[in-house]
Amino acid sequence: RHTRLRTVTGVQTCALPISLADAAIAATRAQVVAFGGKAASTYFSSDSGGFTASSAEVWGKELPYLVAKADPFSAGSPRARWQLEVPLGRVQEAAGNAGVRVGALRSVTVTRVSESGRPLEITFVGASGTGKLTGASAGGFVRALGASGTRVTLAGLNPLVLSGSGSGHGVGLSQYGALGQIGRAHV
């Protein structure tokens, strides 16, 4: 049979024989993913950046089956490595919107990271004091700066340079990770 093209975030990424896709659909028909006898909340994101995130670090809600885990299969994605430069004014505004009130910023640093390499604590030093964003709020600040994902490091201040990997929240299935795993299985 012919192939059916697969896309991930609008980019043609691979072609699989229709028979394989049809077989996978038929094999999982009427199946439900469950945990503890109840339907599980299942999530996916575009690209884990090489390590999936736990639900606790991203949303502040711990689900024992959505844990941080290495994802070597997403290494070849278009967002495997990226960089974003953010002007100081925009950083100051995003910090203020997140509730950080420290006056004119002097530094912004990641002071604690999760098992997946995502910021769990960001410290802001300003003219009138020090403030911190922790947990899901730290990731929210990173996203407010325009980052495509939250697996980042920070450097500088004007501009603040975000060096990251991945795209999306990173919880659950990584679409590019799944694609990479399929590619390795059918090489």
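Hydrogens, waters and symmetry mates are skipped; everything else that's a heavy atom, side chains included, is used.
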Checklist entry - Roughly how far apart are R101 CZ and S128 OG, rounded to 0.5 Å? => result 11.0 Å
Next on the checklist: Working to the nearest 0.5 angstrom, can you tell me the gap between T134 OG1 and R112 CZ?
Outcome noted: 7.0 Å
Checklist outcome for this item: Those residues at least two apart in sequence (or on a different chain) that pass side chain to side chain donor-acceptor pair (under 3.5 Å) with S114 are E57, S116
Checklist entry - Are the side chain of S77 and the backbone of D47 linked by a donor-acceptor contact shorter than 3.5 Å? => result no
Next on the checklist: Could you measure the distance from the CG atom of L120 to the CG atom of L133? Nearest 0.5 Å is fine.
Outcome noted: 12.0 Å
Next on the checklist: According to side chain to side chain donor-acceptor pair (under 3.5 Å), who are the partners of K69, at least two apart in sequence or on a separate chain?
Outcome noted: none
Checklist entry - Hey, does the side chain of S45 reach the backbone of S174 with a donor-acceptor pair shorter than 3.5 angstrom? => result no
Checklist entry - Taking W82 for the side chain and G166 for the main chain, is one N or O donor matched with an acceptor at less than 3.5 Å? => result yes
Checklist entry - For Q175 and F44, which heavy atoms make the closest approach, and how far apart are they? => result NE2-CE1, 3.5 Å
Checklist entry - If you look at every heavy atom in V142 and T150, which pair is closest and at what distance? => result CG1-CA, 4.1 Å
Checklist entry - Sequence neighbours excluded, which residues qualify as side chain to side chain donor-acceptor pair (under 3.5 Å) partners of S48? => result D71, S74
Item to check | Inter- and intrachain pairs under salt bridge (charged side-chain N to carboxylate O under 4.0 Å, His left out), touching residues 113-137, at least two apart | outcome: E121-K132
Checklist outcome for this item: Heavy-atom nearest pair, A138 first then I122, reads O-CD1, 3.7 Å
Checklist entry - Looking at A147 and L162, what are the two nearest heavy atoms and their distance? => result CB-CD2, 4.0 Å
Item to check | Those residues that, when tested against V32, pass side-chain contact (heavy atoms from CB on, under 4.5 Å) (two or more places apart) | outcome: A39
Sequence neighbours left out, cut at 3.5 Å: what donor-acceptor pairs do the side chains of residues 87-94 make with other protein atoms?
| unit_1 | atom_1 | unit_2 | atom_2 | d |
| --- | --- | --- | --- | --- |
| R90 | NH2 | L145 | O | 2.9 |
| Q92 | OE1 | L105 | N | 2.9 |
| Q92 | NE2 | G103 | O | 2.8 |

Item to check | Verify same cluster id: L179, V171 (apolar side-chain graph, 4.5 Å) | outcome: no
Next on the checklist: Restricting to side-chain contact (heavy atoms from CB on, under 4.5 Å), what partner residues turn up for S163, sequence neighbours left out?
Outcome noted: Q83, T153, V161
Next on the checklist: Suppose the criterion is salt bridge (charged side-chain N to carboxylate O under 4.0 Å, His left out): which pairs have a residue in residues 162-178, not counting sequence neighbours?
Outcome noted: none
Item to check | Residue list, side-chain contact (heavy atoms from CB on, under 4.5 Å) with A127, at least two apart or on another chain | outcome: A104, R106
Item to check | Results of ring pair (Phe, Tyr, Trp, His ring centres under 6.0 Å) for Y43 - residues two or more places apart only | outcome: W59
Checklist entry - Same hydrophobic cluster for L160 and V125, using side-chain heavy-atom links shorter than 4.5 Å among ILVMFWY? => result no
Checklist entry - With sequence neighbours left out, what residues match A56 under side-chain contact (heavy atoms from CB on, under 4.5 Å)? => result S54, E62
Next on the checklist: Could you see if F51 belongs to whatever hydrophobic cluster contains V67? Use Ile, Leu, Val, Met, Phe, Trp, Tyr and a side-chain cutoff under 4.5 Å.
Outcome noted: no
Checklist entry - For F35, what residues pass the ring pair (Phe, Tyr, Trp, His ring centres under 6.0 Å) criterion, not counting sequence neighbours? => result Y65
Item to check | side-chain contact (heavy atoms from CB on, under 4.5 Å) evaluation trace for F124 with S107 | outcome: CA-CA 6 Å; F124 302 81; S107 70; over 6 Å; no
Item to check | T52 side-chain N/O to G172 backbone N/O, donor-acceptor pair under 3.5 Å | outcome: no
